[in-house]
Amino acid sequence: MKKFFTSCLSLLLAVTVMVGCSTQAPKSADNAGSTGGADGGKKRFAIIFKNTGNPYGEKQMEGFKNAIEELGGEAILKAPDQPTAEAQIQMIEELISQKVDAIAIVGNDPDALQPALKKAMDAGIKVLSLDSAVNAQSRMVHINQADPERIGRVQIQAVSEMIGGKGEIAVLSATSQATNQNTWIEWMKKELEDPKYKDIKLVKVAYGDDLRDKSVAETEALLKSYPDLKGIIAPTTVGIAAAGKVLTDKGLKGKVQLTGLGLPSEMAEYIESGVTPWMYLWNPVDVGYLAGFAADALVKGTITGKVGDKFKAGRLGDKEVIQDGDGTQIMLGDPFKFDSSNIGEWKKVY
Ligand code: RAM
């Protein structure tokens, strides 16, 4: 935790400098500043996020770009309009034709991208996932933001405390295929099996698809279908911000508690107002930055993605590849808790 905090503080400085230089994260589907061709022999590293219009994704891509530029490479930042596997497959095919050196993917589906990503690896392109994993056969390594078990369990512990251990709760997730949210929800369900939560009932998992309007509509539908709802967990930065707005507009502060995973910059007003007593996240810039350094290490051959591989990840220091089910991963750190005591500082950082 201390290490995470220190790295975040150093980021405050870095972000201040970047904002001063008016670094802009991409807003459209394909505006990475890529020339689509080799730039003076520079290695080309692509990142594909879930979809456009998500400030969290923009921060992650910004971190990736920072790492690649620090390493002297060229970053290609991409995200489809809609969070679908099909749209990502098309982008992977394009990147294979462009003969990029590496593809870092935030998967919209754990399995559907496998043929395209295998084709990329067969063509000599180094493939890794970050944030939302693709299956072990589709990647060389995964960059994990934090331990999924801890992320999942802590959400239930939080909402239980907020509602006094009793009542109906619902989850407002991203897409139904998102590996990261689905893994966290599995851990939430495991945590709920503890008899101490016997008076809490999970009534529904709704999907806002990481689209603002759909997340608003799904929150409204939850409130309508479950008039006794006591708490909402939104393990998505898009979902939690949308739910925060709905609960605020409907004057439901204190009646329906909201927690989950949110961007401090977007959630500060709801934490300050008490709609969300507290929530969690990690540093999305760091997730992207770590993926950039891991991609470079794969391209240079410093690592191959096997357990025990070690490399230096710039300002994040030494990192090691560890086991992750039948695949491997590199872990960033711990989830961090944001509440009224620290949100004022963090909202300026990311
Ligand atoms: C959304 C995305 C992302 C997830 C965060 C918490 O921005 O779904 O993948 O990691 O929420």
Side-chain angles (χ1 to χ4, degrees), residues 25-27 47-64 77-85 87-88 104-110 113 128-134 142-148 150-152 154-155 158 171-188 205-212 214-216 218-219 232-244 258-267 276 278-291 329 331-338 346 350:
K27 292 225 162 33
I47 181 171
I48 307 177
F49 188 66
K50 288 177 169 177
N51 62 317
T52 50
N54 180 345
Y56 173 98
E58 287 163 8
K59 293 280 169 205
Q60 212 161 60
M61 290 194 280
E62 178 185 310
F64 184 82
L77 316 186
K78 283 174 168 278
D81 290 341
Q82 297 297 316
T84 65
Q88 289 189 319
I105 181 105
V106 182
N108 279 330
D109 190 292
L113 304 172
L128 65 162
S129 55
L130 66 151
D131 184 65
S132 182
V134 290
H142 175 64
I143 308 301
N144 209 338
Q145 49 270 69
D147 179 10
R150 283 203 57 195
I151 298 172
V154 87
Q155 308 294 316
V171 171
L172 173 67
S173 191
T175 66
S176 60
Q177 297 304 314
T179 325
N180 52 351
Q181 273 89 14
N182 284 348
T183 312
W184 302 329
I185 292 168
E186 269 175 42
W187 282 112
M188 288 182 210
V205 177
Y207 298 97
D209 290 353
D210 271 352
L211 303 171
R212 173 91 183 167
K214 181 147 194 261
S215 302
V216 165
E218 289 293 328
T219 307
I232 298 175
I233 299 171
T236 138
T237 57
V238 178
I240 195 173
L258 174 65
T259 190
L261 304 171
L263 264 188
S265 53
E266 293 188 301
M267 290 300 292
T276 292
W278 69 88
M279 61 166 200
Y280 300 84
L281 199 70
W282 41 85
N283 187 331
V285 182
D286 282 353
V287 183
Y289 184 85
L290 179 54
Q329 63 180 343
M331 194 68 84
L332 177 67
D334 282 320
F336 189 79
K337 181 176 174 181
F338 299 97
W346 286 107
Y350 56 87

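When a ligand or atom number is given, it counts from 1 through the structure's own listing order.
In this structure, the side chains of Glu266 and Val238 stay at 4.5 Å or more apart for every pair of heavy atoms. You'll find the side chain of Lys59 reaches within 4.5 Å of the side chain of Val285, heavy atoms only. In this structure, the side chains of Phe49 and Asp131 come closer than 4.5 Å at one or more pairs of heavy atoms. Proximity of Pro264 to Met279: side-chain heavy atoms (C-beta onward) are separated by under 4.5 Å at one or more points. Between Tyr350 and Ser265, the closest side-chain pair of non-hydrogen atoms is not below 4.5 Å.
Distances below 4.0 Å separate heavy atoms of Asn54 from the following atoms of ligand 1: 1 (C), 2 (C), 7 (O). Shown in contact with Gln145 at under 4.0 Å from a heavy atom are these atoms of ligand 1, numbered in order with element: 10 (O). Ligand 1 places these atoms under 4.0 Å from at least one heavy atom of Gln181: 2 (C), 4 (C), 8 (O), 11 (O). The atoms of ligand 1 that sit less than 4.0 Å from any heavy atom of Asn180 are 3 (C), 4 (C), 9 (O), 10 (O).
A donor-acceptor pair shorter than 3.5 Å cannot be found between the side chains of Tyr56 and Asp210.
With respect to atom 11 (O) of ligand 1, the closest heavy atom belonging to the protein is Thr237 N, 3.0 Å. Closest protein heavy atom to atom 10 (O) of ligand 1: Asp131 OD1, 2.8 Å. Counting protein heavy atoms only, atom 2 (C) of ligand 1 is closest to Asp210 OD2, 3.2 Å.
Neither the backbone nor the side chain of Val106 comes within 4.0 Å of ligand 1, counting heavy atoms alone. At a 4.0 Å heavy-atom cut-off, ligand 1 does not touch Tyr280 at all.
Every residue two or more places apart in sequence or in another chain that forms a side-chain hydrogen bond (donor to acceptor under 3.5 Å, both in side chains) with Gln181 is listed here: Lys50. With sequence neighbours excluded, the residues satisfying side chain to side chain contact (heavy atoms under 4.5 Å, CB included) with Ala158 are Met162, Thr259, Trp278, Tyr280.
Note: no N/O pair closer than 3.5 Å links Trp282 and ligand 1 by distance alone. Between Trp184 and ligand 1, no N or O atom pair is found at a separation short of 3.5 Å.
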